[in-house]
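Working notes, beginning with the structure itself.
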Amino acid sequence: LKASQEQHDEAVKALQSQIDDTSSKCKSLEEQLASAGQREAKLTDDVAALRASTDAATSQAGSELETAQASLATITDELKQSRAAQTTLEEQLKTSQEQLKTSGDQVKSLEEQLKASQEQLKTSG
C-alpha cells in the first residue's frame with residue numbers, strides 16, 4: 001500500500017508539474033497575444049494616420065491642380081486677346097501704310113500740277 005501511495009504521489013507530482021508547465025506556457029502565450037494585439041492596434045492606427053495624410057495630400061494636390069488649370073485658362077484667354085489685338089494693330093498699320101502711299105502719290109501729283117502751272121505762267125507771262 002505504501003508503494004502504491006508513493007506511485008500515486010509521484011503521478012500527482014508529475015501531473016502537477018505538467019499543469020504548472022502548461023499554466024506557464026498559457027501565461028506566456030497570453031502575454032504574446034496581448035503584445036501582438038497592441039502591435040496590431042498600433043499598426044491599425046498607423047494605417048489610419050497614413051490614409052488621412054494621403055487623403056489630405058490628394059485633396060491639396062487636387063486643389064492646386066484646379067488652381068493651376070484656372071490660371072492656365074486665364075493666361076490662354078489673355079494670349080488669345082493679345083493675338084487678336086496684334087492682328088488688329090497689324091491691319092491698322094497696313095491701312096495707314098496704304099494711306100501714306102496714297103498721300104505720297106497725291107503730293108507727287110500736286111507737285112507735277114504745280115510745275116505744270118508754273119510752266120504755263122512762264123509761257124503766258
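By convention here, the first residue in the shown sequence is residue 1. These numbers come from a predicted model, not from an experiment.
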**Request:** Show your reasoning for whether side chain to side chain contact (heavy atoms under 4.5 Å, CB included) applies to E64 and T67.
**Result:** CA-CA 5 Å; E64 289 174 1; T67 301; 5.5 Å; no

Please table the atom pairs, donor to acceptor, closer than 3.5 Å between any side-chain atom in residues 23-44 and protein atoms at least two apart or in another chain.
from, atom 1, to, atom 2, distance (Å)
S35, OG, R39, NH1, 3.0
K42, NZ, D46, OD2, 3.0
T44, OG1, E40, O, 2.8

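- Of the possible polar contacts, none joining the S82 side chain to the E78 backbone as a donor-acceptor pair under 3.5 Å is found.
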**Item:** Worked check of side chain to side chain donor-acceptor pair (under 3.5 Å) between D9 and Q5
**Value:** CA-CA 6 Å; D9 289 346; Q5 181 66 36; 3.2 Å; yes

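- Taking the side chain as every heavy atom from C-beta outward, L100 and Q97 never approach each other to under 4.5 Å.
- Between the side chain of S53 and the main chain of A49, no donor-acceptor pair closer than 3.5 Å is present.
- Panel note: side chain T58, backbone T54; a donor-acceptor pair is recorded below 3.5 Å.
- Atoms CG and NZ, on L89 and K94 in that order, are 14.5 Å from each other to the nearest 0.5 Å.
- Between the side chain of T74 and the backbone N or O of A70 there is at least one donor-acceptor pair closer than 3.5 Å.
- Atom CG of residue L72 and atom CG of residue L79 lie 10.5 Å apart, to the nearest 0.5 angstrom.
- Look at D105 and K101 and you find a salt bridge, because one of the NZ, NE, NH1 or NH2 atoms lies within 4.0 Å of a carboxylate O, short of that distance.
- To the nearest 0.5 angstrom, T76 atom OG1 is 11.0 Å from Q81 atom CD.
- Annotation: the span from E112 atom CD to E119 atom CD amounts to 12.5 Å, rounded to 0.5 Å.
- Here D21 contributes atom CG and Q16 contributes atom CD; the two are 10.5 Å apart, rounded to the nearest 0.5 Å.
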